[in-house]
Amino acid sequence: MSAIIEIENLTYRYAPDDIIPALDNINLSIKEGQWLAIVGHNGSGKSTLAKAIDGLIAPQEGTIKVAGIKLSEDTVWDIRTNIGMVFQNPDNQFVGADVEGDVAFGMENQGIERSEMVKRVHEALTAVNMSQFAKHEPVRLSGGQKQRVAIAGVLALRPNIVIFDESTSMLDPEGHRDIIKLMKKLNTEEKFTVLSITHDIDEAALADRVVVLDNGKIIADDSPEKIFARGQQLIDLGLDVPYPESLKQELAQLDVVVPKEYLSEEGMIDWLCRLLLKN
Amino acid sequence: MVMSITFEKLSYTYQTGTPFEHHALQDISLTIADHSYTAIIGHTGSGKSTLLQHLNGLLKPTSGKLVVNGQMIDTKTKNKQLGDLRHEVGFVFQFPEAQLFEETVLKDISFGPKNLGKSETEALEIARQKAKLVNLPDDVLEKSPFELSGGQMRRVAIAGILAMQPNILVLDEPTAGLDPKGRIEMMEMFKQLYEKEKLTIILVTHNMNDVANYADNVIVLEQGRLLRQGVPTEIFSNPEWLNKHHLGLPQTTAFALKLQERGINLQELPLTEKKLAQKLAALLQREVK
Amino acid sequence: MDRFILGRYINGDSLVHKLDARDKLIISMYFIVIIFLANNWQTYSLLLVVVLGCVGLSRINLGFFLKGVSAMIWLIIFTVLLQVFFTSGGTVYWHWGILTLTHYGIVRGVYVFCRFVLIIFMSTLLTLTTSPLEISDGLESLMKPLKYVKVPVYEIALMLSIALRFVPTLMDETQKIMNAQRSRGVNFGQGKLIDQIKAVIPLLIPLFVSAINRAEDLAIAMEARGYHGGEGRSKYRQQIWHLQDTLALGLFAIVTVALLFLRTW
């Protein structure tokens with residue numbers, strides 16, 4: 001499969017005289033249909049990267065290509081039609097007066113015919129299981145529901161790429177689960193390229209590939225298994241490790257000889273069972 | 001004086017007598033002991049926030065009463081009498097950094113004590129102490145709170161509450177929005193406050209790991225009613241019951257449960273990673289022998 | 001505050017509710033103009049009957065309308081008294097300095113009072129039966145011709161609708177910040193005036209900061225969703241002009257004719 005996003009030598013400073021750039025010489029190529037998780041602690045530059053890809057900030061150096069088109073002032077609006085973004089705060093991205101009005105907002109911007117909008121609003125709300133709330137105002141929705149509406153707004157625009165910029169971090173466990181489920185569906189069933197900016201390790205574990213950012217630099221880029229096997233290094237970077245990995249570390253401290261490679265939950269259980277239930 | 005919190009048949013109804021009437025709390029009776037670390041769990045809408053807001057008199061019961069460190073609050077309590085309560089109970093709201101407004105960190109922290117009638121110098125002295133207590137580096141004290149990182153802003157806000165010198169600290173999802181490192185540091189800081197400053201801590205959280213790791217008393221609310229109260233081992237010992245009420249398990253307990261289903265006998269389900277690791281290590285050593 | 005801004009719209013499905021917002025806006029404005037055609041008891045009675053008829057059709061309790069009148073009662077009393085005591089002509093009942101109580105004065109006073117009641121009833125009817133969003137849509141549509149004189153009608157309407165959408169969010173926020181500052185020992189609405197003014201600062205600054213942050217987030221979200229001004233935008237919310245809207249206009253045309261016929265020339 002071909003690369004849908006190509007980033008070369010990207011550097012961005014919020015202020016021209018910032019000593020440490022927010023993004024420092026980023027090179028990254030993302031394949032079509034891939035699910036890429038970008039992880040890093042708060043302030044590592046991960047949200048800045050997402051905004052740069054959508055042309056919401058203008059990097060001082062480097063190039064970004066989306067679907068073969070180089071991002072520039074002239075192409076930014078075309079590129080944005082390829083990308084849908086879901087942000088962190090459910091309240092601050094709800095533009096419409098009610099659910100259907102919000103889903104339609106992006107389509108209105110593109111000047112799409114009303115009859116087409118009505119059709120797509122309905123489809124998108126059905127896809128995120130919110131059609132019964134079409135006339136609801138945002139005050140009457142939970143955070144998770146608002147995020148689902150935001151996703152519907154993205155779906156209605158039919159982009160190729162969906163960027164989730166910490167979209168689950170302000171939600172309660174139920175909302176969190178719902179959104180993760182939808183992300184999975186978008187990637188596997190609807191074949192969207194998914195970029196999830198997150199520090200939730202369970203969310204990252206679902207990705208095909210994980211990129212770790214620290215101080216604006218990519219310091220690791222690998223499969224989730226390989227990344228998670230780094231254990232302590234992730235913790236030093238201010239990140240979590242998946243539960244089996246951290247249990248493994250606890251065991252290692254108690255002088256138990258543990259396997260070096262990353263074990264999923266199933267893998268860890270199997271390993272323990274093999275040791276403990278020999279007979 | 002009895003230093004504890006007691007709810008007696010407390011109920012609270014929003015917008016009584018209107019079509020929007022909503023029974024947020026119904027017939028709650030419970031006791032929170034002095035110097036305990038209590039976790040309140042339940043779904044969004046279970047009445048957690050309403051319960052919390054009674055603790056420092058932001059809401060008054062519609063019926064029943066509560067007693068906080070000897071002070072009684074019921075329907076008839078006058079707002080003026082609630083001043084002392086605000087002093088007694090420090091309330092850290094969700095995303096508390098939203099309350100910052102002063103020019104410098106130090107001034108913001110000293111805002112509370114000044115309202116309590118402390119002199120400028122006294123208030124600043126308290127502010128310095130509390131800034132240290134929440135591990136704020138010295139060089140940020142004279143900065144504007146709005147220049148700081150999210151995590152540091154939150155510490156400033158918490159210091160501002162601690163500056164009221166409360167005996168009880170109420171925390172409403174204090175780690176929401178922080179990254180993993182920030183979350184752990186924050187929870188460890190509260191542990192310090194609990195252990196060294198001898199504060200009574202009341203924590204509202206969705207994170208069962210935090211409940212397992214830090215609390216010694218758990219209150220479970222559902223639809224405005226008290227479902228259960230007990231120590232964490234009790235609460236988490238019954239996975240089916242938790243499942244039935246759509247409440248999660250701590251990661252360790254969930255993992256241990258799966259091991260048990262596969263035939264590994266752990267006896268009692270452990271709550272924390274350390275406990276599980278110790279149990280497993282012991283079992284492994286026996287195997288080796 | 002809650003009741004002031006939002007509680008005005010009362011959901012319903014009466015004939016008046018169902019009329020197009022543009023229709024209701026035109027009619028209320030038009031009605032306020034033709035009130036000034038009335039100049040005798042016949043014409044005022046006619047207008048009162050029309051307004052009360054509309055109120056009846058809306059199936060909204062008369063109390064809501066009276067509340068509107070009582071909110072402005074001091075202004076009304078002041079204006080009425082001005083008319084009563086400073087109008088000359090007709091039988092003089094009482095006289096003191098520059099103040100005179102005359103037959104004409106009393107009649108004029110009653111008429112002015114009627115005018116107030118009519119205007120308040122009609123505008124209250126508009127806001128009670130039309131949601132703020134419909135009003136903003138209706139205004140946008142009616143102001144469309146202003147585009148030719150470079151008035152950014154579309155942007156104004158979008159601003160209005162976003163502002164309306166954020167009112168409850170910001171009210172929530174206000175409540176939260178008030179609670180947070182109360183917990184730090186602030187007493188809102190208590191103590192001396194100077195203390196009360198001081199207490200506003202810890203509320204206003206955080207609210208301002210939060211509103212700016214929200215606005216920034218919102219601007220980015222809007223841009224990401226392809227918003228680049230009103231140019232070339234289509235509209236999802238539809239306003240449909242029904243037969244009943246035309247009929248309602250017709251009704252008021254007839255009222256005008258009757259007014260012209262009944263008034264004293």
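Chain letters run A, B, ... following the sequence lines, proteins first and then strands; every chain starts at 1. All values below come from the heavy atoms of this structure, side chains included, with hydrogens, waters and symmetry mates left out.
- A:Thr168 and A:Glu203 share a side-chain donor-acceptor pair at under 3.5 Å.
- Between chain B and the residues A:Asp200, A:Asp255, A:Asp240, A:Ile235, the most heavy-atom pairs under 4.5 angstrom are made by A:Asp240.
- The contact between B:Ala281 and chain A is made by backbone and side chain atoms together, counting heavy-atom distances below 4.5 Å.
- Chain A forms the most heavy-atom pairs under 4.5 Å with one residue out of B:Glu173, B:Lys258, B:His246, and that residue is B:Lys258.
- Each of A:Glu265, A:Met170, A:Gln88 has some count of heavy-atom pairs under 4.5 Å with chain B, and the biggest count is that of A:Glu265.
- The ring of B:Tyr214 has its center no closer than 6.0 angstrom to the ring center of B:Phe190.
- Looking at A:Asn89, neither its backbone nor its side chain comes within 4.5 Å of chain B, counting heavy atoms on both sides.
- The pair B:Glu268-B:Lys279 fails the salt-bridge criterion, with no side-chain N (NZ, NE, NH1 or NH2) lying under 4.0 Å from an Asp/Glu carboxylate O.
- Counting heavy-atom pairs closer than 4.5 Å to chain B, the top residue among A:Leu237, A:Ile269, A:Val256 is A:Ile269.
- Taking the six-membered ring where tryptophan is involved, the planes of B:Tyr12 and B:His54 are perpendicular, since the angle between them exceeds 60° and thus also 30°.
- For B:Gln278, the parts lying near chain A are the backbone and the side chain together; criterion is any non-hydrogen pair under 4.5 Å.
- Neither the backbone nor the side chain of A:Gln249 comes within contact range of chain B, judged by heavy atoms closer than 4.5 Å.
- The parts of A:Ser246 that come within reach of chain B are both its backbone and its side chain, each placing non-hydrogen atoms under 4.5 angstrom from that chain.
- A salt bridge between A:Arg230 and A:Asp222 is absent, with no side-chain N of the basic residue lying under 4.0 Å from a carboxylate O of the acidic one.
- A side-chain contact (heavy atoms from CB on, under 4.5 Å) with B:Glu185 is found for one member of B:Glu188, B:Lys181, B:Met189 and no other, namely B:Lys181.
- By the 4.0 Å N-to-carboxylate-O rule, B:Glu222 lies too far from B:Arg225 to be salt-bridged with it.
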